[in-house]
There are 2 protein chains.
Amino acid sequence: MLSQKTRYAMVALTRLAREYGKGAMLISELAKSEKLPQRFLENILLELKKMGILGSKLGKSGGYFLLRHPKDVNLAEIVRQFEGPIALLSCVSEKAYQSCEFCKDESACNIRKVFKEIRDSTFEKLENTTLAVLIQ
Amino acid sequence: MLSQKTRYAMVALTRLAREYGKGAMLISELAKSEKLPQRFLENILLELKKMGILGSKLGKSGGYFLLRHPKDVNLAEIVRQFEGPIALLSCVSEKAYQSCEFCKDESACNIRKVFKEIRDSTFEKLENTTLAVLIQ
DNA sequence: ACTATGTTCACCATTTTAGTGTACATTTGT
DNA sequence: ACAAATGTACACTAAAATGGTGAACATAGT
């Protein structure tokens with residue numbers, strides 16, 4: 001199951017995608033209207049800013065806003081950032097590959113084959129799901 | 001990513017599937033030959049026994065053995081037992097459904113739609129992967 | 001009776017999760 | 001220039017999950 005952090009990130013991003021082009025939104029407003037714990041949300045938004053997905057403005061009438069177009073942000077990168085590898089086994093991970101400690105020949109391993117298929121289809125679905133898709 | 005426990009369970013079961021019909025196998029032998037930590041493996045085998053997948057024999061020439069035919073044990077039930085729900089969000093889980101705290105109308109939620117598709121395709125692949133498939 | 005095995009159940013160290021506390025830096029309105 | 005409203009930084013914490021281990025016990029075969 002996805003962590004709260006990942007779920008909060010998706011909810012916050014979806015909302016900021018709806019506000020895309022309308023200027024900055026207060027953390028407090030975002031937290032309140034989407035029912036997210038504000039202090040925890042701050043950490044998440046900061047992380048998304050460091051990823052280059054969000055921008056921020058300080059001071060009065062400050063807040064956060066989506067930097068990229070909603071169609072240029074997909075769920076695969078969000079899940080990877082907050083959840084870690086998309087693969088269920090590291091021997092089928094693209095970004096965090098580690099050789100299997102059990103099997104001698106990975107290409108012959110049927111366990112690996114199944115989990116590779118699962119990773120690929122999961123990744124494809126996440127990658128094709130942009131914020132633009134989510135706010136349709 | 002799957003926990004060690006789940007991975008160990010899959011490795012142990014695959015091996016016991018290969019030995020299906022050949023009588024009981026010692027925990028110590030299973031642990032050594034598959035490079036699994038024996039004491040931890042004991043817990044896992046016991047859990048698999050309580051699920052009705054494995055049987056055991058006490059005393060000399062005792063050990064564990066697969067009770068069901070390898071084609072009647074699939075990865076979906078193993079993953080569920082050791083990992084919890086297959087779904088990434090509880091609002092798309094079959095066995096552990098919980099309504100979403102964020103959206104008012106789940107049928108209209110696009111986040112839910114994606115994760116429902118991911119759950120369904122993951123589940124299908126896991127369910128179709130029996131121990132018989134793994135030892136082919 | 002003895003020995004080899006599995007069984008039970010409690011315990012433990014480490015890591016991860018889901019936050020909170022406190023102080024600080026920057027911008028804007030007056 | 002100053003105050004107020006905002007985000008920033010970084011350390012800290014409580015609770016749960018993970019990956020085991022310890023010690024005593026129960027049972028079957030010889």
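Given the structure is predicted, the values throughout are model-derived calculations rather than measurements. First the proteins, then the strands, lettered A, B, ... as listed; each starts at 1.
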(request) Sugar-phosphate atoms are those with a prime plus P, OP1 and OP2; base atoms are the rest. Using that split, label each nucleotide of nucleotides 3-10 of chain C B, S or - for protein heavy atoms under 4.0 Å, 5' to 3'. (result) -BBSBB--
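- Among residues two or more places apart in sequence or in another chain, the side chain to side chain donor-acceptor pair (under 3.5 Å) test is passed with B/Y64 by none.
- Not counting sequence neighbours, the partners of A/Q81 by the side chain to side chain contact (heavy atoms under 4.5 Å, CB included) test are A/E47, A/M51.
- Within the hydrophobic cluster formed by Ile, Leu, Val, Met, Phe, Trp and Tyr side chains joined at under 4.5 Å, directly or through other members, A/L67 is accompanied by A/F65.
- The side chain to side chain contact (heavy atoms under 4.5 Å, CB included) test applied to B/K60 returns no partner, not counting sequence neighbours.
- Judged purely by atom type and a 3.5 angstrom limit, A/N74 uses its side chain to pair as donor or acceptor with the backbone of A/E77.
- Near DNA chain C, defined here as any heavy-atom distance below 4.0 Å, the residues from residues 1-10 of chain A are A/S3, A/Q4, A/K5, A/Y8, listed numerically.
- Every pair tested for ring pair (Phe, Tyr, Trp, His ring centres under 6.0 Å) that includes a residue from residues 106-128 of chain A fails, sequence neighbours excluded, so the list is empty.
- Between the side chains of A/S90 and A/S93, no donor-acceptor pair of N or O atoms lies under 3.5 Å.
- The list of salt bridge (Lys or Arg N to Asp or Glu O under 4.0 Å) pairs with a residue in residues 123-136 of chain B, not counting sequence neighbours, is empty.
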(request) Just do the side-chain contact (heavy atoms from CB on, under 4.5 Å) check on A/T14 and B/N110 with the steps written out, would you? (result) CA-CA 10 Å; A/T14 304; B/N110 285 324; over 6 Å; no
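- When DNA chain D is scanned 5' to 3' for any atom under 4.0 Å from a heavy atom of chain A, the first and last hits are D/dA5 to D/dA9.
- Ion pairing of A/E83 with A/R7 is absent here, as no side-chain N (NZ or NE/NH1/NH2) approaches a carboxylate O to less than 4.0 Å.
- Sequence neighbours left out, the pairs with a member in residues 17-30 of chain A that pass salt bridge (Lys or Arg N to Asp or Glu O under 4.0 Å) are A/R15-A/E19.
- Near DNA chain D, meaning a heavy atom under 4.0 Å from it, residues 76-85 of chain A has no residue at all.
- Considering only residues two or more places apart in sequence or on other chains, B/A31 meets the side chain to side chain contact (heavy atoms under 4.5 Å, CB included) condition with B/Q38, B/L41.
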